[in-house]
Amino acid sequence: MVRKLNFYPGPATLPVSVLEKIQIEMQDFQGTGMSILEISHRSDAFEKCLARAKQNLRDIMDIPNDYEIIFVGGGASTQFAMIPMNFLGDDQTADYVCTGEWAQKAIKEAKLFGKVNTAASSEKESFRYIPKEFKFTADARYVHITTNNTVYGSQWHTFPETGAVPLFADMSSDIMSHKVDIRKFSLIYAGAQKNLGPAGVTVVIIRKNLLERVVPNRKIPTMLQYKTHVEKDSLYNTPPVFAIYVIALVTDWTKQIGGLAKIEELGQQKAKLVYDTIDAYPEFYRGMIDKDSRSKMNATFRLPTEELEKKFASEAEARGFLGLKGHRSVGGMRISMYNAMTVDGIQALCAFMHEFVKKHK
Ligand SMILES: Cc1ncc(COP(=O)(O)O)c(C=O)c1O
C-alpha cells in the first residue's frame, strides 16, 4: 500500500504512528479483550482514556484549571446554535466578526435566538483579510470570531480586545497549532477533524464561571446545555468514544514530538515553504488573501486560467497529492497543511508546484 498525501481541508491527515497504534489495539484495547469500538463508555479503560485526552489537551495548550474541557457530538456546526441558545437572550445582542463562510453560518444560527451585531466584515472584499477595526456593542453578551477561515484561507494573528465582554472562538481549523493565551477567551470550540483527530467529536473549552451567564428561564434541551456536559464530565450520554480515543493518541503524539512549540515551529516551516513557492511566481500563482492575514493552515491561490487549475488538480492527483481543489464557493486551489502533514510532504508538493510552472507557463 502506498499512502497518498492528504491536503484536504478536513477530515485531515493523521500521524502514521497513530494509525498504526489504532491497528495494533483494534482487537484488544489495553487488555480489555475488546476493541475500543465495543467497550462501555463507563468502563475504567475508557474513562482513563477520556481523562488522558483531556489532560493532554490541558498540558499542550496550557489550559488553566478554571476552564473545563468537554467532548460533545454534533460537530462545530451544532456549537453555532448551542452558543446563542445558552448565552444570548431574545432581546440581547451578540457581536460577530464575519470573516467567511463558517462565520456566516454561526451568525445565521445566532439570529434564531437573539440580536446580532456584525462588528466587522470583509465580505464585500471577498473575505481577503481579517478586519482590524470593529464596532463592538458596549453591553454585548459575547463577541464571536472564527480564528481560521478554512474556506478562504485567512487567519487571525492577533485577537481583538473585548474588555469585559467574553470572547468566543470557533478554532476548528487552527486549534493546537500555535500558542494561544486561553485566558483571552471564555469559550473555544473546534471540530476535531483537522488538528485533533477524526470527525465525530467537538472539543469545547469553557471558562467554568461562564455557566452563570446562561440565559435564565429559557427552555434548553438537556443535551444542548453546556452545564450538562460539564457536570457529567462528558459522560451524560454515550460520547463519541472512538473519536475521543483518537484524540488521546494524537495528543500523545503531539507531546512525544515536542508539544506545541514543535508543532508551531513545523507549522511555520510548512507555511513558509508554501507561500514562498506561491510568491516566487506572482504572474502564475496568485495568493487570494492579503499577506498579513494569510493562514498557516490553509493556503489559497489561483492560477492564470480555470483550465490550468483543473490541470493542476489532476496532475497533482496523479502524483499522489490529494485534496487541492479550492472550496466550491471560491474556486482556485487550496493547500491544507494541518499538524500531521509532514515537512517532507510539503516539500514534495512545492517541488511539484515549481515543475508545474515550468511546464505550463
Ligand atoms: C472553521 C470551521 N468551523 C466550523 C466547521 C464545521 O464543522 P463541522 O463539520 O464539525 O460541523 C468547519 C468545517 O470545516 C470549519 O472549518
Side-chain angles (χ1 to χ4, degrees), residues 6-14 70-85 94 96-110 112 121-123 127-131 142-157 159 167-178 180 185 187-205 223-224 229 234 239-240 242-244 246-247 250 267 288-289 293-300 322-330 334-341:
N6 173 351
F7 294 101
Y8 279 100
T13 192
L14 287 167
I70 55 173
F71 301 103
V72 293
S77 301
T78 298
Q79 295 304 305
F80 296 162
M82 211 165 137
I83 284 174
M85 202 183 277
Y96 279 70
V97 182
C98 187
T99 48
E101 181 158 324
W102 296 112
Q104 286 172 321
K105 289 192 168 149
I107 289 169
K108 178 174 169 235
E109 298 302 294
L112 297 172
S121 172
S122 47
E123 183 172 4
F127 295 116
R128 63 178 175 76
Y129 61 90
I130 301 291
Y142 59 84
V143 174
H144 180 283
I145 64 170
T146 314
T147 53
N148 185 74
N149 301 288
T150 328
V151 171
Y152 291 87
S154 66
Q155 186 177 21
W156 291 70
H157 298 302
F159 300 118
L167 181 58
F168 292 4
D170 174 1
M171 286 196 191
S172 293
S173 51
D174 67 351
I175 193 163
M176 210 177 72
S177 66
H178 63 123
V180 166
F185 298 88
L187 189 149
I188 292 169
Y189 62 98
Q193 63 270 23
K194 293 140 198 320
N195 278 332
L196 301 178
V201 66
T202 305
V203 172
V204 181
I205 301 165
M223 274 296 286
L224 298 176
H229 302 285
S234 307
F242 181 73
I244 294 169
V246 182
I247 292 184
V250 170
M288 290 159 78
I289 297 296
S293 297
R294 281 174 164 178
S295 163
K296 291 194 174 67
M297 298 281 106
N298 318 92
T300 51
L322 305 184
L324 292 163
K325 244 173 78 177
H327 190 269
R328 60 197 171 280
S329 63
V330 177
R334 171 174 49 180
I335 300 171
S336 296
M337 42 190 156
Y338 298 114
N339 290 0
M341 172 51 65

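Counting convention: from 1, in listed order, for ligands and their atoms alike. The model shown is predicted, which means the values in this text are computed figures rather than measured ones.
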Salt bridge present between Glu109 and Lys105 (N-O < 4.0 angstrom):
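A salt bridge is absent here (no side-chain N lies under 4.0 Å from a carboxylate O).
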Mind checking salt bridge (charged side-chain N to carboxylate O under 4.0 Å, His left out) for Lys108 and listing every partner two or more places apart, or none if nothing turns up?
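For Lys108, no residue satisfies salt bridge (charged side-chain N to carboxylate O under 4.0 Å, His left out) once neighbours in sequence are set aside.
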Approximate separation, where rounding is to 0.5 Å, of Phe168 CZ and Tyr96 OH:
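Phe168 atom CZ to Tyr96 atom OH measures 8.5 Å (nearest 0.5 Å).
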Would you check, one step at a time, whether the test ring-ring contact (aromatic ring centres under 6.0 Å, His included) holds for Tyr338 with Phe7?
CA-CA 8 Å; Tyr338 298 114; Phe7 294 101; over 10 Å; no
What residues sit with at least one heavy atom under 4.0 Å from ligand 1?
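Contacting ligand 1 under 4.0 Å are Gly75, Ala76, Ser77, Phe80, Trp102, Thr146, Asn148, Thr150, Asp170, Ser172, Ser173, Gln193, Lys194.
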Any Tyr8 side-chain heavy atom under 4.5 Å of Leu322 side chain:
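Yes. Closest side-chain heavy atoms under 4.5 Å.
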Candidates Leu224, Thr202, Val201 - the one meeting side-chain contact (heavy atoms from CB on, under 4.5 Å) with Val72:
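One option only clears the test, and that one is Thr202.
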